[in-house]
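For clarity, every value in this text was computed on a predicted model and none was experimentally measured. Every heavy atom of this structure was used, including side-chain atoms; hydrogens, water molecules and symmetry mates were not.
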Amino acid sequence: MKQINKERNFISAVIYLCEKSDTIENFLNTLYDILSTNFLMYEIICVNDNAKQDILKEIRAWEKSKNITLTIIDMGFPQGLETSMTAGMDLTIGDYVLEFDSTFIDYDTSLM
């Protein structure tokens with residue numbers, strides 16, 4: 001069996017969630033597959049900027065199904081993209097950070 005050498009740098013992924021974030025489960029599955037396949041250490045941080053409560057429940061259910069820890073930052077009231085992403089960036093501990101301002105994937109996932 002061929003062993004895959006995983007990258008040893010710690011990767012942080014910051015995801016912006018707003019009221020239009022209705023493709024979160026597919027996005028998280030894709031992101032998780034890429035991170036777990038290619039990196040030894042990673043974290044996922046979701047920044048809630050007025051997302052629907054159903055989306056937050058969906059994220060927590062997804063987190064339990066994958067048996068990982070995921071951080072959700074709740075902005076309290078709408079702050080906008082820039083402020084919300086800055087809050088997420090402030091909590092990252094990764095050597096490199098992936099920023100996602102949408103949960104809609106309209107690009108080749110190998111770019112991640």
Side-chain angles (χ1 to χ4, degrees):
M1 184 173 186
K2 184 178 177 182
Q3 182 177 2
I4 298 174
N5 291 325
K6 292 186 177 184
E7 180 68 41
R8 295 188 184 279
N9 288 315
F10 194 98
I11 300 297
S12 297
V14 180
I15 305 164
Y16 177 69
L17 301 173
C18 62
E19 58 190 55
K20 298 177 185 172
S21 303
D22 54 358
T23 56
I24 190 65
E25 188 171 358
N26 289 334
F27 180 84
L28 287 173
N29 283 328
T30 301
L31 182 62
Y32 174 77
D33 289 344
I34 290 169
L35 293 176
S36 64
T37 299
N38 295 298
F39 300 97
L40 286 175
M41 300 173 291
Y42 57 88
E43 67 178 342
I44 299 173
I45 299 172
C46 294
V47 183
N48 175 21
D49 187 33
N50 200 33
K52 299 172 190 165
Q53 289 300 318
D54 293 349
I55 291 172
L56 300 178
K57 290 177 186 174
E58 190 176 336
I59 291 170
R60 288 297 182 203
W62 179 86
E63 176 186 25
K64 287 181 182 178
S65 74
K66 297 296 183 188
N67 196 25
I68 65 168
T69 301
L70 179 139
T71 303
I72 295 178
I73 301 171
D74 194 352
M75 296 304 286
F77 61 90
Q79 297 285 323
L81 175 64
E82 194 73 29
T83 303
S84 298
M85 291 303 283
T86 300
M89 293 292 292
D90 287 347
L91 284 183
T92 63
I93 59 172
D95 298 313
Y96 298 98
V97 179
L98 303 172
E99 292 182 84
F100 300 98
D101 61 2
S102 171
T103 57
F104 179 70
I105 301 174
D106 61 350
Y107 49 86
D108 185 354
T109 57
S110 67
L111 295 173
M112 287 186 195

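- The shortest distance between side-chain heavy atoms of Thr103 and Leu17 falls below 4.5 Å.
- One finds the NZ atom of Lys6 at 10.0 Å from the CG atom of Leu35 (value rounded to the nearest 0.5 Å).
- How far OH of Tyr42 is from CG of Asp95: 15.5 Å, rounded to the nearest 0.5 Å.
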Distance-only donor-acceptor pairs under 3.5 Å for side chains of residues 64-76, two or more places apart:
{"unit_1": "Ser65", "atom_1": "OG", "unit_2": "Trp62", "atom_2": "O", "d": "2.7"}
{"unit_1": "Asp74", "atom_1": "OD1", "unit_2": "Asn48", "atom_2": "ND2", "d": "3.2"}
{"unit_1": "Asp74", "atom_1": "OD1", "unit_2": "Gly76", "atom_2": "N", "d": "3.4"}

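- Using modelled atom types, no side-chain atom of Thr92 and backbone atom of Gly94 make a donor-acceptor pair closer than 3.5 Å.
- By the 4.5 Å heavy-atom criterion applied to side chains, Glu19 and Asn50 are counted as neighbours.
- Within 6.0 Å of CZ on Phe77 lie no more than 12 heavy atoms contributed by other residues, nucleotides or ligands.
- Side-chain contact check for Asn29 versus Glu25: some heavy-atom pair is nearer than 4.5 Å.
- Side-chain atoms of Asp49 and Pro78, non-hydrogen and from C-beta on, do get closer than 4.5 Å to each other.
- Checking each of Ile59, Asp101, Leu31 against Ile15 for a side chain to side chain contact (heavy atoms under 4.5 Å, CB included) leaves exactly one that passes, namely Leu31.
- Between Tyr16 and Glu99 there is no side-chain heavy-atom pair separated by less than 4.5 Å.
- At least one side-chain heavy atom of Ile105 sits less than 4.5 Å from a side-chain heavy atom of Phe27.
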